[in-house]
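Side-chain atoms are counted along with the backbone in the values below, which use heavy atoms only and exclude waters and symmetry mates.
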Amino acid sequence: MINTASNPQWQPENGQHAPDLFNEALGSLKTVRDMLRFAVSRFNEAGLFFGHGSDNAHDEAAYLILHTLHLPLDTLEPYLDAVLLPSEREAVLALVQRRVEERVPVAYLTNQAWQGEYDFYVDERVIVPRSFVYELLGEPLAPWIEYPELVHRALDLCTGSGCLAIQIADHYPAAQVDAVDISLDALEVAAVNVEDYGLQERVNLIHTDLFEGLEGTYDLIVSNPPYVDAESVAALPNEYLHEPELALGSGEDGLDATREILLQAAKFLNPKGVLLVEIGHNRDALEAAYPELPFMWLETSGGDGFVFLLTREQLLGQE
């Protein structure tokens with residue numbers, strides 16, 4: 001049902017408040033094209049922030065509509081002039097209204113997030129997957145891991161939804177993967193995704209804080225830990241406030257979790273083992289804090305300043 005409660009964020013438009021617009025839309029809009037135009041207008045009018053799967057109002061509106069109508073996500077044109085059933089119009093408009101009024105990230109509205117060709121179940125117990133690390137698994141790591149079969153054990157720290165652990169298992173078919181998170185809620189979501197991909201025998205979900213209680217060593221350790229500094233946390237757009245705070249901030253400078261990883265990683269890596277960590281916009285601060293470490297910054301779709309690689313030997317100062 002369309003929510004007609006008043007919302008102080010909205011300003012009158014031609015004598016109408018936003019809830020009136022949504023109710024009018026329910027009775028007036030008929031086709032997918034109508035819904036798309038209306039959603040784009042409302043998203044732009046509300047000044048939404050796009051950073052959880054798309055970067056503009058049109059793409060996000062198209063995805064939300066196609067997903068809600070159970071249509072192929074990559075095929076919009078043939079359906080633009082299709083007339084919707086009243087129940088379909090109501091379902092679409094209800095999600096558009098929630099996106100506008102509550103600033104809920106679209107991934108939480110659809111319970112789906114994509115990384116490349118992989119899609120995952122998500123809800124507000126985990127952050128929406130958006131790590132650059134997945135781009136670097138497999139062939140990009142060939143200079144350090146010559147053959148995928150050389151990875152027998154891998155570790156995903158701060159696994160969240162389990163997305164990186166699942167992609168590690170796919171890229172390295174001989175690997176057993178430990179996926180660690182301090183949040184039991186997050187591990188419940190990860191369990192859904194691990195089961196969806198049929199990887200229960202290869203991905204081991206572990207409730208702990210980083211390396212605490214882990215045994216043995218690994219050929220590959222990856223992490224997309226919390227890395228937002230305190231100042232940036234305070235300034236986050238409303239969309240990010242729906243995500244678990246524990247998964248975003250990491251101390252005053254955003255490096256608390258990364259420091260702990262750097263402190264302990266070497267003893268959990270096999271000889272020639274590789275550590276891969278995403279640190280957001282903290283490259284300068286990290287290099288200033290660890291001038292002795294030869295960080296290798298890998299190229300991603302976002303640039304070359306977001307993910308670093310170190311080998312066990314580099315962590316130990318042996319090369």
Atom of [X], atom of [Y] and distance for their closest heavy-atom approach:
X: P294; Y: L310; answer: O-CD2, 3.6 Å
X: A39; Y: V96; answer: CB-CG2, 4.0 Å
X: T159; Y: D181; answer: N-OD2, 3.3 Å
X: S161; Y: N193; answer: O-ND2, 2.9 Å
X: L136; Y: L276; answer: CB-CD2, 4.1 Å
X: L269; Y: G273; answer: CD2-C, 3.9 Å

Donor-acceptor pair, side chain of [X] and main chain of [Y], under 3.5 angstrom:
X: Q314; Y: T311; answer: yes
X: Q264; Y: R259; answer: no
X: H242; Y: E102; answer: yes
X: D156; Y: A165; answer: yes
X: Q112; Y: D119; answer: no
X: R42; Y: V100; answer: no
X: R130; Y: V128; answer: yes

With a 4.5 Å cut-off on side-chain heavy-atom distances among I, L, V, M, F, W and Y, is there a chain of contacts connecting [X] to [Y]?
X: I261; Y: L298; result: no
X: L66; Y: F50; result: yes
X: L71; Y: V92; result: yes
X: V180; Y: I166; result: no
X: L255; Y: V307; result: no

Would you say the ring centers of Y197 and F120 fall short of 6.0 Å from each other?
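They qualify: ring centres under 6.0 Å apart.
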
What do you reckon, are the aromatic ring centroids of H152 and Y218 less than 6.0 Å apart?
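That pair fails the under 6.0 Å test.
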
For side-chain contact (heavy atoms from CB on, under 4.5 Å), just list the numbers for F38 and I65, CA-CA rounded to whole Å, side-chain angles, deciding distance to a tenth of an Å, and then say yes or no.
CA-CA 11 Å; F38 180 80; I65 292 167; over 6 Å; no

Kindly indicate whether the side chain of [X], heavy atoms from C-beta on, has any atom under 4.5 Å from the side chain of [Y].
X: R283; Y: D304; result: yes
X: L210; Y: C158; result: yes
X: E60; Y: Y63; result: no
X: K30; Y: R89; result: yes
X: W144; Y: L309; result: yes
X: Y118; Y: D170; result: yes
X: E88; Y: L69; result: yes
X: T208; Y: I182; result: no

Point-to-point distance, once rounded to the nearest 0.5 Å, from [atom1] of [X] to [atom2] of [Y]:
X: I127; Y: N224; atom1: CD1; atom2: CG; value: 5.5 Å
X: I279; Y: T258; atom1: CD1; atom2: OG1; value: 7.0 Å
X: L76; Y: D59; atom1: CG; atom2: CG; value: 10.0 Å
X: L214; Y: I221; atom1: CG; atom2: CD1; value: 8.5 Å
X: F308; Y: Y290; atom1: CZ; atom2: OH; value: 9.0 Å
X: N111; Y: H67; atom1: CG; atom2: NE2; value: 7.5 Å

Any side-chain donor near an acceptor of the partner, [X] and [Y], under 3.5 Å:
X: D20; Y: N23; value: no
X: T31; Y: D81; value: no
X: Y172; Y: D219; value: no
X: Q167; Y: Q115; value: yes
X: D123; Y: Y121; value: yes

What do you reckon, is [atom1] of [X] surrounded by more than 12 foreign heavy atoms closer than 6.0 Å?
X: E292; atom1: CD; value: yes
X: E195; atom1: CD; value: no
X: H207; atom1: NE2; value: yes

Inspect the contact between R125 and E243 and indicate whether a charged nitrogen and a carboxylate oxygen are less than 4.0 angstrom apart.
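Not counted as a salt bridge, because no side-chain N and carboxylate O are separated by less than 4.0 Å.
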
May I ask you to decide if the ring planes of Y240 and H52 are parallel, tilted or perpendicular, using 30° and 60° as cut-offs?
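Rings of Y240 and H52: tilted, 30 to 60°.
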
Do the ring planes of F295 and W297 sit parallel (below 30°), tilted (30 to 60°) or perpendicular (above 60°)?
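Rings of F295 and W297: tilted, 30 to 60°.
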
S301 vs E135, test: side-chain hydrogen bond (donor to acceptor under 3.5 Å, both in side chains). Steps then yes/no.
CA-CA 8 Å; S301 59; E135 301 175 9; 2.5 Å; yes

From CA spacing to verdict: side-chain contact (heavy atoms from CB on, under 4.5 Å), H58, L36
CA-CA 8 Å; H58 179 275; L36 180 64; 3.8 Å; yes

Apply the test side-chain contact (heavy atoms from CB on, under 4.5 Å) to residues L48 and R99: give CA-CA distance (whole Å), side-chain angles for both, the deciding distance (0.1 Å), then the verdict.
CA-CA 8 Å; L48 299 185; R99 179 70 183 95; 3.7 Å; yes

Residues L157, V222; criterion side-chain contact (heavy atoms from CB on, under 4.5 Å); working and verdict:
CA-CA 6 Å; L157 294 172; V222 307; over 6 Å; no

